[in-house]
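One structure below.
Each residue takes its place number in the sequence, starting with 1.
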Amino acid sequence: MDTLCDQTRGLNTAVACFYFDFAARKEQSATSILGSLLKQVVSGMERIPEEISRAFQEQKEVIGGRAPRLPDLVKMLQAVTSSKRTFLCIDALDECAALHRAKLLDSLKQILEKSPGTRIFVTGRPHIRAEVERRLAGRAVTVSVGPSKDDITIYLRVRLDEDETPDAMDESLEADILRKIPKNISEMYVWAMIPRTPSHIIR
């Protein structure tokens, strides 16, 4: 994310991100996620597009007022991302509840259909790979990523050296940490979602 933000600084480009938290998975619906992404994209604009302002105003005028619904958010994101190059980054999709995940993937697919300049990057664990590739047929480029066990061991040694309570650690516990954690690190996938049109390849 930091690299992407640095490389796009000063350009007519929007970068927005969302991280899934397992503890809040019931609250993190497709609607709240797209709402967060929309807010980030719009906040970087000099002025709020007229169609966005109008859509929110129409929702306020409904009896009692209400927040925009999922189809409304999809249309608003289609509108703002079609006018400028946009990167949407979603981390830990596997932590999203299955029902919300299905709606989110379908919504992202709709956004790509109307926004040729948009690139969507999603990370997740292997067990959702089939679902992602099925719902985004022909649009998702899959890359397997993961640190080596040696990298994890080096990182753990550094953190153990920085431990502020070294007396709580004995040689046996340290050996268990260095043996078990690297062995249990699982593979991760990154999906780069792109428009179907061949001329809109990732650059």
Side-chain angles (χ1 to χ4, degrees), residues 1-9 11-45 48-49 52 55-56 59 66-136 139-146 186-195 202:
M1 275 298 301
D2 290 339
T3 299
L4 186 57
C5 289
D6 290 341
Q7 291 180 347
T8 58
R9 184 176 291 117
L11 304 176
N12 183 33
T13 302
V15 179
C17 63
F18 188 90
Y19 172 74
F20 278 100
D21 182 356
F22 178 81
R25 66 199 315 252
K26 290 183 179 179
E27 293 78 31
Q28 293 178 328
S29 65
T31 302
S32 65
I33 296 156
L34 292 190
S36 174
L37 294 174
L38 176 65
K39 182 177 180 180
Q40 293 175 62
V41 173
V42 172
S43 66
M45 296 180 165
I48 299 177
I52 304 299
F56 273 93
Q59 295 301 322
R66 69 182 180 192
R69 294 170 298 179
L70 185 59
D72 301 317
L73 290 169
V74 169
K75 290 179 181 178
M76 285 187 269
L77 273 166
Q78 287 174 332
V80 296
T81 59
S82 63
S83 63
K84 63 190 306 180
R85 191 162 180 81
T86 303
F87 294 93
L88 303 179
C89 305
I90 300 174
D91 190 22
L93 181 63
D94 54 291
E95 300 290 2
C96 178
L99 175 62
H100 297 324
R101 186 167 62 239
K103 291 182 178 179
L104 176 62
L105 289 171
D106 289 344
S107 297
L108 294 176
K109 182 178 179 181
Q110 293 176 53
I111 292 169
L112 286 175
E113 289 172 350
K114 300 291 185 179
S115 308
T118 296
R119 302 291 180 266
I120 303 175
F121 298 96
V122 176
T123 67
R125 297 186 186 278
H127 68 272
I128 66 168
R129 178 178 179 177
E131 178 186 3
V132 172
E133 294 179 350
R134 182 180 71 254
R135 291 190 176 278
L136 296 166
R139 298 178 187 274
V141 177
T142 304
V143 179
S144 174
V145 296
S186 63
E187 185 180 29
M188 293 286 291
Y189 284 100
V190 174
W191 290 280
M193 304 178 191
I194 61 176
I202 294 179

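In this structure, E113 CD and Q78 CD are separated by 8.0 Å, a value rounded to the nearest 0.5 Å. Separating the CZ atom in R101 from the CD1 atom in I128 is a distance of 5.5 Å, to the nearest 0.5 Å. Here the CG-NE2 distance, from D94 to H127, works out to 5.0 Å after rounding to the nearest 0.5 Å. H100 NE2 to E95 CD: the interatomic distance, rounded to the nearest 0.5 Å, is 13.5 Å. Atom-to-atom distance recorded for R129:CZ and S144:OG is 7.5 Å, nearest 0.5 angstrom. One finds the NZ atom of K39 at 13.0 Å from the CG atom of L73 (value rounded to the nearest 0.5 Å).
Scanning both residues, C96 and Q28, for their nearest heavy atoms gives SG-O, 4.4 Å. Of all the heavy atoms in S82 and K114, the pair that sits closest is CB-O, 3.6 Å. Nearest heavy-atom pair, A92 versus T123, reported as atom, atom and distance to 0.1 Å: N-OG1, 2.9 Å.
R125 places a side-chain heavy atom less than 4.5 Å from the side chain of M188. Side-chain contact check for V132 versus T142: every heavy-atom pair is 4.5 Å or farther apart. L11 has its side chain out of reach of R85: every pair of non-hydrogen atoms, C-beta onward, lies at least 4.5 Å apart. Under the 4.5 Å side-chain criterion, counting only non-hydrogen atoms from C-beta, I120 is in contact with L112. Within the 4.5 Å cutoff, no side-chain heavy atoms of T118 are placed close to those of L77. W191 is not listed as a side-chain neighbour of L105, based on a closest heavy-atom distance of 4.5 Å or more. Side-chain contact between I33 and F20 is present, with at least one heavy-atom pair separated by less than 4.5 Å. The closest side-chain heavy-atom distance from Q40 to C17 is below 4.5 Å.
Looking at S36, its side chain never comes within 3.5 Å of a backbone N or O of S32 through a donor-acceptor pair.
When only modelled atom types and interatomic distance are considered, T81 and S115 share a side-chain donor-acceptor pair under 3.5 Å.
A 6.0 Å sphere centred on NZ of K84 holds more than 12 heavy atoms belonging to other residues, nucleotides or ligands.
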*K109 and D106: salt bridge (charged side-chain N to carboxylate O under 4.0 Å, His left out), yes or no, with the steps?*
CA-CA 5 Å; K109 182 178 179 181; D106 289 344; over 6 Å; no
